[in-house]
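Please read these numbers as outputs of a predicted model, since none were measured by experiment.
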Amino acid sequence: MSITVENISRRFGGFTALDRVSLEARRGEFLALLGPSGSGKTTLLRTIAGLDFADEGRVSFEGQDMTGTPAAERRIGFVFQNYALFRHMTVAQNIAFGLTVRKRRDRPARAAIKAKVADLLELIQLPQLGDRFPAQLSGGQRQRVALARALAIEPRLLLLDEPFGALDAQVRKDLRGWLRRIHDETGLTTIFVTHDQEEALELADRIVVMRGGMIEQVGTPDEVQAAPATAFVSSFIGETNSLPVTRQDGRAVIGDGLATMADPARGQGAGVLHVRPHDVEQAAPGEEDAFPVRVLTRRSIGRSLRLTAEMDGVAEPLTFDLPGEAPMSVGDTILLRPIRYRIF
């Protein structure tokens, strides 16, 4: 099912949580809403679910306006960060809940519900735990049960609000691959909220980067990493070094004349050059498009050498990754040439 959000705005008193947001989730897509706390991603998810309502704009499912439709009528599976399992119910009862509370005319027979629960327990790889209670499960197991409960109602759309936020790093990593497999098997359109860029990059077909209630960029994981649309996206997705520049006539001067780089966008005035730690190479004296830095620390990471360095006119230390055999010592001044960079 495709989802279209058109010019959605949501305000809480004087705070604007969403500011004229427009977005389309394609049928069968795994879409990640990524951004820092307060960026509006959970408000957007709840608006799509019908758990919150926008002050302006509309939400459509397959072209049908759902803006005023209650959550119970949208056939959405929603997985919360805190699982929201019923503690007095067994695992099987939790999974079956959405089916057992339906009106009598829409409720499946008991045998059909039991078979559905058994199938879902197999799907989440917990076939022997149907009689346990949530308190008897690990965090990762509870999260799987919450997902099974969302899938039991055969939703048209699956929404997940930071579902791994309460889990430790290793469990999160294990469940990420499992969740992507579930998505591929079910074919459901899935929208996933996270502030963890690694999760978004690993799981999503496309990533929506949000800040301050607005969308900064929508793109594939490769696009938001290699071609960030704004300085915020460049800084938020992966590591980056920021160097002040002055732009004029297709050239960008770093700092107080330390180096001059090509400026393909031919901007004018003050700007900032962003370069990833691994997107540099060591240069020899006299070579063009190279800037000097002083080595503060160096340490080996596998076959690479990670440097922290300082540069005149830049307040924060810089980080660079070079081949492990690169010759240098702490205190040396070396020249680095960006292989890839962007100027904002």
**Q** How about N7 and S22: do any of their side-chain heavy atoms sit closer than 4.5 Å?
**A**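 A side-chain contact exists here, since the closest heavy-atom pair is under 4.5 Å.
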
**Q** Would E198 and R176 pass as an ion pair if we require N to O under 4.0 Å?
**A**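 Answer for the salt bridge query: yes.
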
**Q** List the steps and the verdict of side-chain hydrogen bond (donor to acceptor under 3.5 Å, both in side chains) for T297 and T308.
**A** CA-CA 5 Å; T297 67; T308 57; 2.3 Å; yes

**Q** Test D205 against every option in R26, R27, R180 by the salt bridge (charged side-chain N to carboxylate O under 4.0 Å, His left out) rule and name the one that passes.
**A** R180

**Q** In plain terms, say whether D289 and R251 are close enough for a salt bridge, that is, a side-chain N and a carboxylate O under 4.0 Å apart.
**A** yes

**Q** Which Ile, Leu, Val, Met, Phe, Trp or Tyr residues join L201 in one cluster when any pair of side-chain heavy atoms under 4.5 Å counts as a link?
**A** L34, I207, V209, V224, F232, V233, F236, I237

**Q** Within a reach of under 6.0 Å around CG of D256, are more than 12 heavy atoms found that belong to other residues, nucleotides or ligands?
**A**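 Atom CG in D256 is not packed in, count stays at 12 or less.
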
**Q** Tell me, which pairs form a ring-ring contact (aromatic ring centres under 6.0 Å, His included) where one or both residues lie in residues 265-297, sequence neighbours left out?
**A**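 Matches after skipping sequence neighbours: H274-F344.
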
**Q** May I ask you to say whether D312 pairs ionically with R294, meaning some side-chain N is under 4.0 Å from a carboxylate O?
**A** yes

**Q** For a side-chain hydrogen bond (donor to acceptor under 3.5 Å, both in side chains) check, start with the C-alpha distance between T220 and D222, then their side-chain angles and the critical distance, and finish with the verdict.
**A** CA-CA 5 Å; T220 66; D222 287 343; 5.3 Å; no

**Q** Identify whether the distance between the nearest side-chain nitrogen and carboxylate oxygen of R11 and E56 falls below 4.0 Å.
**A** yes

**Q** Among E162, K41, E199, whose side-chain hydrogen bond (donor to acceptor under 3.5 Å, both in side chains) with T194 holds?
**A**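 Only one option passes, and that is E199.
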
**Q** Would R149 pass as a cation-pi partner of F86, given that its NZ or CZ must be under 6.0 Å from the six-membered ring centre and within 45 degrees of the axis?
**A** yes

**Q** Whether R340 and D279 form a salt bridge (side-chain N of Lys/Arg under 4.0 Å from carboxylate O of Asp/Glu) is what I want to check.
**A** yes

**Q** Do R306 and E239 sit within salt-bridge range, that is, some charged N less than 4.0 Å from a carboxylate O?
**A** yes

